[in-house]
K.L.:
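Here it is, the structure, as structure tokens.
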Amino acid sequence: MNKEELWQAALARLQFNVSRANFAAWFKEAVILDWQDDLVSIGTPNSFSKEWLEKKHHQDILKALNEVCSEIKKIKYVVSKQQKTNIESRPPVAPETKQIQFEEFQLNPRTGLNNRYTFKDFIVASFNEMAFAAAEAVVQEPGRAYNPLFIYGGVGLGKTHLLQAIGNKLDEEDEIKIKYISADKLVSQIVSSIYERSIESLKKEFQRLDVLIVDDIQFVAGKEKTQEEFFHVFNALYEKNSQIILSSDRLPSAIPALEKRLRSRFEGGMVVDISRPDYESRRAILETKIKEWKADVDPEALDYIATNIQNNVRELEGALRRLIAHQNMKKKKLNLESARKVLRDLTRTQTKTASPQKIISSVAAFYDLDLKELTSETRKKDIAFPRQIAMYLLRKDLKKSYLSIGNLFGGRDHTTVIYACNKIEEEVSKDGRLTDEISMIRQRIYGE
Amino acid sequence: MKIEVLREKLNQAIAIVGRTAIKSASLPILEGVMIKADDNAVHFLATDLEVGIKVSVLAKILKAGQVVIPARIISALGRLMNGDKVSLDLVKNTLVIKDDENETSLQILNSEDFPVIPQPNEDFSIKINGSVLSQALSQVVDCASTSQSRPEISGVYLRIAGDQLTIAATDSYRLAQKNIPLSEKVKKEREMILPAKAASHLIGVVSESDNLIEITGDDNQIKFGISLGESPLNLDVEMVSRLIEGTYPRYQDVIPQKPPVSIRVDRHEFIGKIKAASLLSDQTYEVRLSTQSEEGRLRIEARSSRVGEFKSSIVAEIEGGEVEVAFNGRFLSDALLNMSGSDVQLSLTDADKAALITSGDDQSYLYVLMPIRSN
């Protein structure tokens, strides 16, 4: 007889000694936690039932147990911890929810993950299927399939979602130690632990992990001390086959002021990109969301959103959300014309023309350079190359004359500008990575 | 059981315990109040299986014993009685209640069914002024989450560390925190989550008492020992509550550090405007604020598609730039009403980051409020 059967047998006897209300209130929720020889431990849901059973029914219970199994002589009563209820699945985000929550509260304090992000909600289309496949492989065989997994791509394309989904999926396993952290938080933790002289214990804490996920790793650019400490953590984890997952808005090689040894570590596993969604993918995302939110949207209006919002999945969802909110308010379906009105200012930011200053400053920011450096005389390669990209973009996007572009860079000769534009044009045609970089810079210019 | 007790004391005791008694289909006895007489005191007990409360009063005990009667009836009866003195006499299965003019016989409930109110271990002990605690709890308890989906934030967080008691509550949209100094340092830090209902109940019991409350407890339960009124005509109240299991979120992370924009306004004037604006807003109570640094004014606007529109502005000291932000007007006026002092300061980052609300007069209290996403 096991402890469950013992308790069932005892309850069968006890039900005749107590009133039905009392039996339901006090006995049904109690369980036998442990049974060893002559001692039985009874767990109760709260201290009221513990008191009740112990003070009022101890003799009855002992007698009943003893009848079932004569060797039982002693009973211990304990309040057993409430069963941990599983974190309930998130209610679908209604389009009209406007009250913002504390984001920090959504996070699992142990892992730093937000359980809102799941694979189920991740919409796979051609632009992200490679990254998705890599993520799935990592979930299947953490630490073995691809280590590290490095996912890069522009703002609002779902990198964080994918990273968190991997973490949440792996977290379903017991006893797997996961930590999700954004690189800027990592930097500030390392800085403050250096200040508090607790860097060793911080490192130890990281080194016992089975899975470490660092989002937006490009933020370690130029943070030498952080890079050094992170390098050691990385090596320790890698050696014991712990999975490392990183995300960035660009390739490791394009992260400025990143130590060589770290860069080669980052490139040592699987590097995979999430590119901008094509029209079909954008359409598919919108269709999925409509189903999820149980909304009814005019196909032409949908087409309008998919055509006009190109760079960013988050904005795509935002536009749809806004359209639905308007529909709910007006209580009627919006046609293309009214949809256009509602979304006017959103699409305007998409097609707005950038100023030359915006282009130059975005290029400078992307390569982590000073504005002054970019327009200076210097011919150092790591400055000259971004400068050529800036020139290329000014010519390509703003149709500026070679002469005026030259003037923007401290009166350079127009032939220099022509050379730069041709050179980048040619490299773009044969180097896919450069295309990616340029599209990310464009996203900085037009996207935000 | 046969006792004589002052009518006023009987009424006070019943009023305190009566609120804990509940209607319960599965356990009808919980509607009852237990009256228990021993040596020279009479004890009134009630419980809802979350909170247990016991009020003890000096009385003339002619015969010890115990009885359980429905709380609802005795508390209504108590208010209608006359004279100084009331006698309670258990005769077979009825309780005979007599005052100068009336005699009532009440059917009793089976006192054997009445739960035993568990007593926690005294793993810690602090003392605190009753009205100070009550005031502090009332400043935060409204922020506790009313949803049971996250039990750990459905209560009030208590933290005892060093010589300070910190009380906080949040529903993940807003957060209130109050610090109270303790007269003695505690040796060991302790964190607890008190159910919001127990907190509200406690506020009601101790609001006007300047006596010290003794708080003790263990990991599962907390006990408040309260003495109301002057001895020997005092009421001794003992309230035991279950504690909510779980880890309270690290709410310190949501308190914004040095938000760049600060707005200082007259508190009472601001409350008036926000209340007016809330009347003219939709179900979300959306009230929009925008700074006008040059004029030194804060604009307050609200619009409802059904009711109409409200526009106003008040004098404000604005530093750190311009900002436009929308809040739930109810949450905002709650916050302002919980503050003290003549001025209030709003510190903001931008339209979708948490706002910090403080009063210059009271550094021990702060309120953090998330905006509404405005279209």
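Computation of the quantities below employed the complete heavy-atom set of this structure, encompassing side-chain atoms and omitting hydrogens, waters and symmetry-equivalent molecules.
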K.L.:
Taking atom OG of B:Ser172 and atom CD1 of A:Ile100, what is their separation to the nearest 0.5 Å?
P.N.:
12.0 Å
K.L.:
So for atom CG, which belongs to B:Asp350, do other residues, nucleotides or ligands contribute more than 12 heavy atoms lying within a distance under 6.0 Å?
P.N.:
yes
K.L.:
Is atom CD of B:Gln107 surrounded by more than 12 heavy atoms (other residues, nucleotides or ligands) closer than 6.0 Å?
P.N.:
no
K.L.:
Using 0.5 Å steps for rounding, measure from the CD atom of B:Gln221 to the CG atom of A:Asn46.
P.N.:
8.5 Å
K.L.:
Relative to chain A, which segment of B:Val240 carries a heavy atom at a distance below 4.5 Å: side chain, backbone, both, or neither?
P.N.:
neither
K.L.:
What distance do B:Asp218 atom CG and A:Ser47 atom OG have between them, rounded to the nearest 0.5 Å?
P.N.:
8.0 Å
K.L.:
What pair of heavy atoms forms the shortest contact from A:Ala25 to B:Leu27, and how long is it?
P.N.:
CB-CD1, 3.4 Å
K.L.:
Where do A:Trp52 and B:Asp113 come nearest, in terms of heavy atoms and distance?
P.N.:
CH2-O, 3.1 Å
K.L.:
So for B:Thr47, is it side chain, backbone, both, or neither that comes closer than 4.5 Å to the heavy atoms of chain A?
P.N.:
side chain
K.L.:
Can you tell me how far apart CG (B:Asn220) and NZ (A:Lys50) are? Round to the nearest 0.5 Å.
P.N.:
9.0 Å
K.L.:
Does any backbone or side-chain atom of B:Phe331 lie under 4.5 Å from a heavy atom of chain A? Answer side chain, backbone, both or neither.
P.N.:
side chain
K.L.:
What's the spacing between A:Leu107 CG and B:Arg250 CZ if we round to 0.5 Å?
P.N.:
11.0 Å
K.L.:
Specify the closest pair of heavy atoms between A:Phe48 and B:Ile117, including all atoms of both residues, with the distance to one decimal.
P.N.:
CE2-CA, 4.0 Å
K.L.:
Taking atom CZ as the centre, does B:Arg330 end up with more than 12 heavy-atom neighbours from other residues, nucleotides or ligands that are less than 6.0 angstrom away?
P.N.:
no
K.L.:
In terms of heavy-atom contacts, does CD of A:Glu54 have more than 12 from other residues, nucleotides or ligands at under 6.0 Å?
P.N.:
yes
K.L.:
Please identify, among B:Ile29, B:Leu369, B:Val368, B:Asp282, the residue contributing the most non-hydrogen atom pairs under 4.5 Å to chain A.
P.N.:
B:Val368
K.L.:
So for atom CZ, which belongs to A:Arg13, do other residues, nucleotides or ligands contribute more than 12 heavy atoms lying within a distance under 6.0 Å?
P.N.:
yes
K.L.:
Would you say that more than 12 heavy atoms from the other residues, nucleotides or ligands in this model lie under 6.0 Å from the NZ of B:Lys36, or not?
P.N.:
no
K.L.:
If you look at every heavy atom in A:Lys56 and B:Glu112, which pair is closest and at what distance?
P.N.:
NZ-O, 2.7 Å
K.L.:
Relative to chain A, which segment of B:Thr170 carries a heavy atom at a distance below 4.5 Å: side chain, backbone, both, or neither?
P.N.:
side chain
K.L.:
For A:Ala21 and B:Ser26, which heavy atoms make the closest approach, and how far apart are they?
P.N.:
CB-O, 3.5 Å
K.L.:
For B:Pro115, is it the side chain, the backbone, both or neither that has a heavy atom under 4.5 Å from a heavy atom of chain A?
P.N.:
both
K.L.:
Tell me, side chain or backbone of B:Tyr285 under 4.5 Å from chain A's heavy atoms, or both, or neither?
P.N.:
neither
K.L.:
Could you report the tightest heavy-atom contact between B:Met370 and A:Gln99, atom names first, then the distance?
P.N.:
O-NE2, 2.9 Å
